[in-house]
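Notes for the one structure printed next.
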2 protein chains.
Amino acid sequence: MKTIKKYSQIQQYIKKRIQTGVYPINSYLPSENEICEKFNTTRTTVRKALDELLREGFIEKEQGKGSKVIERRKSLGLLTVKGFSGATDYKVKTKLTQAPKITDWDPIIVFGLTREEQKSKCVYFQRIRHINGKPVVLENNWYALNAMEIIKPTEFIEGSFFKTLSQKYFIEIMGAEQELRSIPATAEIAKSLELAEGEPILHISVRFRTSKPGFNLYGDLYCNTSEYPIRNTYFS
Amino acid sequence: MKTIKKYSQIQQYIKKRIQTGVYPINSYLPSENEICEKFNTTRTTVRKALDELLREGFIEKEQGKGSKVIERRKSLGLLTVKGFSGATDYKVKTKLTQAPKITDWDPIIVFGLTREEQKSKCVYFQRIRHINGKPVVLENNWYALNAMEIIKPTEFIEGSFFKTLSQKYFIEIMGAEQELRSIPATAEIAKSLELAEGEPILHISVRFRTSKPGFNLYGDLYCNTSEYPIRNTYFS
DNA sequence: AAGTGGTCTAGACCACGCG
DNA sequence: GCGTGGTCTAGACCACTTT
């Protein structure tokens with residue numbers, strides 16, 4: 001992919017303007033014909049760009065009216081840690097306990113890797129999420145180096161990998177598959193999460209699909225759910 | 001929409017042929033140009049049809065090769081129990097251990113009920129899912145009686161509540177919220193699932209949203225994940 | 001009536017996979 | 001080299017919303 005595709009340029013241009021508030025939520029984008037003029041192209045190409053933004057959940061279209069900027073369903077399908085009683089007075093902090101580094105794939109990954117991924121080295125990093133000072137989630141992540149460059153710790157926006165992907169690379173999470181298990185904490189996990197060995201913890205294996213073809217993010221999570229359950233929302 | 005759109009016709013035609021096995025999984029569809037000829041149209045229209053099938057998860061495209069029929073991702077967003085090693089030789093049987101009956105709401109439901117729901121009595125039923133003869137999931141369900149009539153056990157299609165809703169009432173599941181916890185099995189749960197008290201099990205509280213306004217289905221599930229993890233897929 | 005998005009035509013050239 | 005899908009042009013007409 002040497003030359004940047006035109007529809008992709010338009011898509012990124014508009015996405016940036018949405019993210020920076022130039023096109024606020026509930027406002028309408030310029031009409032397709034106006035965008036055509038601006039980028040000196042045809043409606044087919046502009047519509048392709050808008051279709052992508054639609055798929056990514058940034059806009060919705062209203063026939064006869066225009067393309068409307070909508071609030072991107074946050075944490076679409078993403079796991080969120082939720083205070084038990086709906087209390088909002090808890091603080092989540094994410095510590096990067098292993099900065100992104102290049103390694104081999106870990107056989108713990110339960111989802112089948114594609115051939116492209118198998119051929120590649122992978123990037124690994126680890127984080128621990130703390131709630132009100134207590135470690136609650138230990139999160140291991142991997143992705144294929146040939147699908148996505150290595151992201152430096154300094155690039156992380158608010159400790160969030162997804163936010164970094166979206167705002168710096170214009171990559172969105174499109175979906176996920178999970179496997180859930182309840183297991184007794186191993187000695188190692190127990191130590192990281194400051195609980196007793198054998199305590200029941202939630203093990204989540206997850207594959208996130210992104211809007212960048214071939215780029216998947218694999219996760220292996222251990223959650224102490226005794227105080228804070230994991231919450232999970234999805235809509236079709 | 002009086003006239004049926006051409007791309008929609010093509011889409012349905014191909015979808016039916018996939019579903020009936022005329023185009024088997026892993027085979028390739030006719031090329032875009034061939035489809036153009038058959039339907040006497042242009043590639044733009046054919047590609048629109050294929051894009052829809054791509055979005056619906058029926059095909060994937062391989063540049064330079066063709067459009068390949070793939071296994072449709074099952075039960076969008078719904079929980080599925082999956083054999084560990086990808087083995088497909090396991091049998092799931094659902095036993096209705098408590099037929100739908102009218103009761104009061106159970107305070108165990110963690111998601112806030114709407115005012116309409118609170119005013120109503122509710123329908124409760126319980127099922128146990130068995131895999132290869134072993135009980136694996138204990139599932140309690142509730143819904144508001146004023147949102148949906150009581151469904152008799154004899155109406156259940158293949159033991160599936162969702163299938164019944166879809167096929168008899170044309171109600172679809174539109175989304176869900178879940179809370180996940182790993183807990184030790186209580187004596188009661190242990191007995192139902194034939195395991196030792198204190199074994200780690202997965203507790204899922206879920207609210208399913210349906211296409212019928214005001215009709216939510218609440219679930220409280222206990223899963224023995226030691227052999228069969230719970231799998232969970234969602235896409236936007 | 002004017003403007004918007006939705007569908008569709010009839011081409012063109014390019015990038016990729018394979019023999 | 002050939003066939004495949006991927007991108008793009010330059011139009012046309014239709015359906016819908018608003019003025």
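Atom-to-atom, CD of A:Glu62 to C1' of D:dT17 comes out at 10 Å; the value is rounded to the nearest Å. Atom CD of B:Glu32 and atom P of C:dC16 are 16 Å apart (whole Å). Atom CD1 of B:Ile35 and atom P of D:dG3 are 17 Å apart (whole Å). Between the CZ atom of B:Phe39 and the C1' atom of C:dT7 there is a distance of 17 Å, given to the nearest Å. For the pair A:Tyr28 OH and D:dC16 C1', the computed distance is 13 Å after rounding to whole Å. When rounded to the nearest whole Å, the span between CG of B:Asn33 and C1' of D:dG6 equals 13 Å. Rounded to an integer number of Å, the gap from CG of A:Leu29 to C1' of C:dG3 is 16 Å. Rounded to a whole Å, the CD atom of A:Glu60 is 14 Å from the P atom of D:dT17.
Listed by first then second residue, pairs satisfying ring-ring contact (aromatic ring centres under 6.0 Å, His included) with a partner in residues 4-36 of chain A read A:Tyr13-A:Phe39, not counting sequence neighbours. Among residue pairs with one or both ends in residues 100-111 of chain A, those qualifying as salt bridge (charged side-chain N to carboxylate O under 4.0 Å, His left out) are A:Asp104-A:Lys121; sequence neighbours excluded. Among residues at least two apart or in separate chains, salt bridge (charged side-chain N to carboxylate O under 4.0 Å, His left out) pairs with a member in residues 35-48 of chain B are B:Glu32-B:Arg43, B:Glu32-B:Arg47, B:Lys48-B:Glu52.
Classified by interplanar angle (parallel below 30°, tilted 30° to 60°, perpendicular above 60°), the ring pair A:Phe162/A:Phe208 is perpendicular.
By the 4.5 Å heavy-atom criterion applied to side chains, A:Ile173 and A:Leu217 are not counted as neighbours.
At least one side-chain nitrogen or oxygen of A:Lys65 sits closer than 4.0 Å to the OP1 or OP2 atom of D:dT18. Contact annotation: A:Tyr7 reaches the phosphate of D:dT7 (side-chain N/O to OP1 or OP2, under 4.0 Å). Within the structure, every side-chain polar atom (N or O) of A:Lys5 is placed at least 4.0 Å from both OP1 and OP2 of C:dC14. A close approach under 4.0 Å does not occur between any side-chain nitrogen or oxygen of A:Ser31 and OP1 or OP2 of C:dG3.
Across residues 42-50 of chain A, A:Thr42, A:Arg43, A:Thr44, A:Thr45, A:Lys48 each have a non-hydrogen atom less than 4.0 Å from an atom of DNA chain D (numbered order).
The salt bridge (charged side-chain N to carboxylate O under 4.0 Å, His left out) test applied to A:Lys65 returns A:Glu62, not counting sequence neighbours. Under the side-chain hydrogen bond (donor to acceptor under 3.5 Å, both in side chains) criterion, B:Glu155 pairs with B:Tyr169, not counting sequence neighbours.
When the nucleotides D:dT7, C:dT4, D:dG6 are ranked by their closest atom to the side chain of B:Gln63, D:dG6 comes out on top. With C:dT4, C:dG6, C:dC18 as the choices, the nucleotide that has an atom nearest any side-chain atom of A:Lys61 turns out to be C:dG6.
Along DNA chain C, the nucleotide closest to A:Asp51 and the one closest to B:Asn40 are compared, and the more 5′ of them pairs with A:Asp51.
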